[in-house]
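Residue numbering restarts at 1 for every chain, and letters A, B, ... go by the order of the sequence lines. Everything quoted here is computed from the prediction, not taken from an experiment.
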Amino acid sequence: MQMTDLPDRKGHFGPYGGIFVAETLMYALDELRDNYERLRQDPAFVAEFEYELKHYVGRPSPVYFAKRLTEQCGGAQIWLKREDLNHTGAHKINNTMGQALVARHMGKKRIIAETGAGQHGVASATVAARFGMECVVYMGSEDIQRQAPNVYRMKLLGASVVPVESGSKTLKDALNEAMRDWVTNVEGTFYIIGTVAGPHPYPMMVRDFNSVVGRELLTQMPEAAGRFPDAILACVGGGSNAMGAFYPFIPHQEVRLIGVEAGGHGLHTGKHAATLCAGKPGVLHGNRTYLMQDENGQIMETHSISAGLDYPGVGPEHAWLKDTGRAEYVAVTDEEALEAFHALCRVEGIIPALESSHAVAQAMKMARTMSKDKVLLVNLSGRGDKDMNTVAHHSGLTL
Amino acid sequence: MSPRDIPTVSRIPGVFEKLKAAGRKALIPFITAGDPDKASTVPIMHALVTAGADIIELGVPFSDPMADGPTIQRSSERALKHGTSLRDCLDFVREFRSRDQATPVVLMGYANPIEAMGYDTFAAAAADAGVDGVLVVDYPPEESVELTTKLRAAGIDSIFLLSPTSLDQRMEEVAHLASGYVYYVSLKGVTGAAHLDLAEIARKIPQIRARVNLPIGVGFGIRDGATARAVSGISDAVVIGSRLVQEIEAAPPGQAAAKVGSLVAEIRRAMDAQA
Ligand SMILES: Cc1ncc(COP(=O)(O)O)c(C=O)c1O
């Protein structure tokens, strides 16, 4: 079996993935899988999705040669895939648009979502408004504090934002709460998971919808740079923007795939969210994957300056790409990400999301050690407007 | 070979046989281990038996109890604050067994603590401690053949959930692996929700019986003696969780065992009054 044919019918990527949920959710997942399997083969559905991506999301997003950043680093060329230019400012809308269309075909009128940084919540609220559906977003109360502008955006878009007070009050707890809502209201509700995690078919479905990023790159890079990049870099929280950029390139062995995790205060401090670099396999949120956990199998609280990377799990397909060696995973600290954030602002006039800044930081590090004919492509997953408060705070300012 | 081909040696089938002969139904209370503190768990277990429990479901606390409502979530958080681990839970069972060799104990929890311990270590340690059954909420049958086989070889039953949305084919998959009893989740939603549809339960149970040759316990949403009595009229066992955990949460320090014991005794009386 080709790696690109995964997952298998039960959602496995090697030993990872699968369906690990209570019996009460099995019916809903079977129903979703059957519908999605049918729709992904249906040319009319694919055309509908492509139409929305073009006219509503604003795709294709350009690739851009970051000439001045490249010169500053003095080595390999740094190119950016501009997902920050999408409607709502991140890659997240590729997936929410796809899932909203699936929800419509299934006749579901109520959308629920979990969110960390708020980008997925905003992207869900946006498509719900676009299609006239009710939208409820679960968000950890910690994250509501950190991402106030996005909370207000969701409300403007007509969504209700429910604060989650359980556990660590962050993304993982929001996901738990969304699952509880789903199991209770399963008939009329569609749960839009925001990353390539969760039970099958979510990791596959979210990857498929985000793969438009990698498919565009397959033609854009030869056109713009004359060839494929030597490496594609993307930040990894749950891993949806990375999976979207990587997936079409899996068969192209000459292209290195590099996932950049949140190193927080540094891996040695334990205060980070670098699941693939420092975690161990286990079961959480419906799938088997690498997890940040203690010796008793309890899930640990993670830390990252970027709420969108602050998650103790990671998509199961990334776990498999790591074990097979097809992709590499590294970690970048809060400080390094902030430095890259400021560099991109000043040198290129682009304010990146803090999540995406992790991938930029790794590219800058690598570029310095590589010759000028090499090409690095960074998936710039989102823009940084939402991060103004966080960055100002780190510079000792209050807005 | 299916795990069902290995003969069961746990205490569970004997309990159901005895109850059947006496024309009574099983009362299965659920508590979270380590709640409100580690020292209380074994005394609470003994109090449950004194009050009329036939089987005890001991909840293994987990940081992310996705299928539980707020009451059991809070109990897990309390237990984890004291560092209650899966190993501690096995120690509670071992200590309980030093005084009670008859009452079956079922560990109920989530997959990851077992994954972290490893299947072989867990199966051996659980058998050694005197565990009779294991219910892993987030292991559906298709993901649990290996663990079920290892547990069965160690003399431990695997309990599975069925729900209002379980189709015939899923019931058959459960029938293939389950032993001890099956646990019918009587409502859509998480533990502790308040609505329970007796007519729906009465409709579903014969469908389960036709496919699963095991006693059927019903739980989620049973909060008082009257409901327990009504449910025991159509099933083999009644599982009560959130209501008891609430009692433990509200009890003044040192009185959890007494409080929860008197509530279980009241439910027992209501259930037996019907016979
Ligand atoms: C801009 C941006 N990039 C990346 C992420 C991380 O998610 P993923 O790893 O699924 O791409 C987020 C999550 O909120 C985000 O907002």
Between [options], who has the most heavy-atom pairs with chain A when the cutoff is under 4.5 Å?
options                      : result
B:P140, B:A111, B:S85, B:G83 : B:P140
B:M117, B:E77, B:Q73, B:E142 : B:Q73
B:A67, B:S76, B:P141, B:P65  : B:P65
B:V137, B:I114, B:V136       : B:V137

Is chain B contacted by the side chain of A:I299, its backbone, both, or neither, given a heavy-atom distance below 4.5 Å?
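When you check distances to chain B, atoms from both the backbone and side chain of A:I299 fall under 4.5 Å.
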
Where along residues 160-171 of chain B does a heavy atom come under 4.5 Å of chain A, listed by residue number?
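Listed by number: B:L161, B:L162, B:S163, B:T165, B:S166, B:L167, B:R170.
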
Option that, when pairs with chain B are counted at under 4.5 Å, heavy atom only, ranks first among [options]:
options                : result
A:E177, A:R288, A:M300 : A:R288
A:E23, A:H285, A:E187  : A:E23
A:E295, A:M179, A:R180 : A:R180

Under 4.5 Å from any heavy atom of chain A - which part of B:V185
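Contact with chain A: side chain only.
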
Quick one: are B:P113 and A:Q293 in side-chain contact, heavy atoms under 4.5 Å?
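No, every pair of side-chain atoms sits at 4.5 Å or beyond.
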
Let's go through B:Y110 and A:V283 carefully: what are the C-alpha distance in whole Å and the side-chain angles of both, what is the deciding distance for side chain to side chain contact (heavy atoms under 4.5 Å, CB included) to 0.1 Å, and is it a yes or a no?
CA-CA 9 Å; B:Y110 292 81; A:V283 169; over 6 Å; no

